[in-house]
There are 2 protein chains.
Amino acid sequence: MPTGPTRKTKQRDAVRAVLGAAERPLSIDELLKAASRRADGLGVATVYRAVALLLDEGWIEAVEIPGEPARYERSDKGHHHHFQCEKCDRAFDIAGCLDNLRKLAPPKFRVKEHSVTLYGLCAACAA
Amino acid sequence: MPTGPTRKTKQRDAVRAVLGAAERPLSIDELLKAASRRADGLGVATVYRAVALLLDEGWIEAVEIPGEPARYERSDKGHHHHFQCEKCDRAFDIAGCLDNLRKLAPPKFRVKEHSVTLYGLCAACAA
DNA sequence: TTGCTAATGATAAGCTAATATCATTTTACA
DNA sequence: TGTAAAATGATATTAGCTTATCATTAGCAA
């Protein structure tokens with residue numbers, strides 16, 4: 001698949017800017033809504049494409065939560081996990097990690113990664 | 001939704017038996033394959049229906065893993081988490097849990113549940 | 001500026017999982 | 001055993017998200 005040159009566009013800049021400023025993982029829809037303010041008329045397809053670029057550029061990573069569409073966040077945040085609010089449906093970062101987690105695996109199992117997700121109410125929704 | 005009486009059938013018994021004997025969470029497909037040996041000609045729709053019954057009967061629970069179809073396991077296993085093998089795509093139970101996990105949440109956040117999933121190679125695939 | 005072509009946006013198409021449909025088979029009670 | 005109705009199984013349909021299509025717009029190098 002010949003990738004060809006990549007052009008600088010208003011739309012891509014918008015998506016990158018939003019993700020750069022985001023303090024929590026954003027879904028495609030959230031990205032679309034936020035980036036639309038910087039690039040009027042922005043379409044979903046373009047957001048998907050921009051995200052795909054940033055993904056294999058390695059600048060962002062996908063955050064997968066069961067039953068939820070993927071969220072995306074900058075990959076320079078270091079190891080951390082996520083909190084999913086049951087009410088507003090937003091995902092949040094939570095700092096830190098208990099890294100003796102891998103110890104839980106049965107013997108002979110080779111643990112490569114792990115994911116921890118907390119569920120409940122975020123600060124705003126709990127108030 | 002009038003539920004009406006529930007009849008005892010070979011197919012439902014088969015699904016229940018398989019889940020009763022399972023040592024790890026099973027997907028619909030795995031259930032179909034396994035239960036088919038006890039109930040010949042078993043169809044997917046029937047497995048879905050049997051699982052739905054066992055779910056609201058409370059006898060089984062769903063195990064959700066991002067990007068994977070749901071797995072089901074008996075709900076009498078006590079609190080535990082799961083391991084997903086990247087090679088054979090099977091899910092396994094892992095005993096125990098670090099329950100200071102909820103401490104990781106930011107202040108003001110109300111944590112109700114959590115899920116931990118380890119990824120890697122199961123014993124069989126690591127060998 | 002011009003011209004080539006990547007990028008965009010609207011929308012159609014694809015994918016996977018799960019539910020609905022419906023003619024046929026089975027259960028279970030009278 | 002006869003029979004009403006639940007259950008089955010094959011398959012169509014839905015649902016949510018992602019990718020493909022394609023005519024149009026716009027980056028950018030000459």
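Any value given below was found using the heavy atoms of this structure, including those in side chains, with hydrogens, waters and symmetry copies removed. Labels below follow one simple rule: chain letters A, B, ... track the order of the sequence lines, proteins then strands, and each chain is numbered from 1.
For the pair B/D13 CG and D/dT8 C1', the computed distance is 14 Å after rounding to whole Å. Taking atom CD1 of residue B/I65 and atom C1' of nucleotide C/dA17, one finds them 15 Å apart after rounding to whole Å. A straight line from CD1 of B/I28 to P of D/dG9 spans 14 Å, rounded to a whole angstrom.
Between the side chain of A/R49 and the base of D/dT19, no donor-acceptor pair of N or O atoms lies under 3.5 Å.
Here the straight-line distance linking atom CG of A/L31 with atom CG of A/L42 works out to 9.0 Å at 0.5 Å rounding. For the atom pair CH2 (B/W59) and OG (B/S75), the distance works out to 8.5 Å, reported to the nearest 0.5 Å.
Between A/Y48 and D/dT18 there is a side-chain polar atom (N or O) within less than 4.0 angstrom of OP1 or OP2. At least one side-chain nitrogen or oxygen of B/T9 sits closer than 4.0 Å to the OP1 or OP2 atom of D/dT8. Close to C/dT8, at under 4.0 Å from its OP1 or OP2, lies a side-chain N or O of A/R12.
Note: B/H81 and B/H114 have tilted aromatic rings, judged against thresholds of 30 and 60 degrees for the angle between ring planes. Ring-plane geometry between B/F109 and A/F83 is classed as perpendicular, the angle between the planes exceeding 60 degrees on a 0 to 90 degree scale with a lower cut at 30.
Nearest heavy atoms, A/P25 versus A/H82: CG-CD2, 3.6 Å. Closest non-hydrogen pair, A/P106 versus B/D93, comes out as CG-O, 4.3 Å.
For A/K8, taking side-chain heavy atoms from C-beta onward, the closest of the listed nucleotides D/dT21, D/dT18, D/dC28 is D/dC28.
Taking a 4.0 Å limit (strictly below) on heavy-atom distances, residues 36-46 of chain A reaches DNA chain C at A/G41, A/L42, A/G43, A/A45, A/T46.
In terms of position along DNA chain D, the nucleotide closest to B/V47 lies nearer the 5' end than the nucleotide closest to the other residue of the pair B/V47 and A/Q11.
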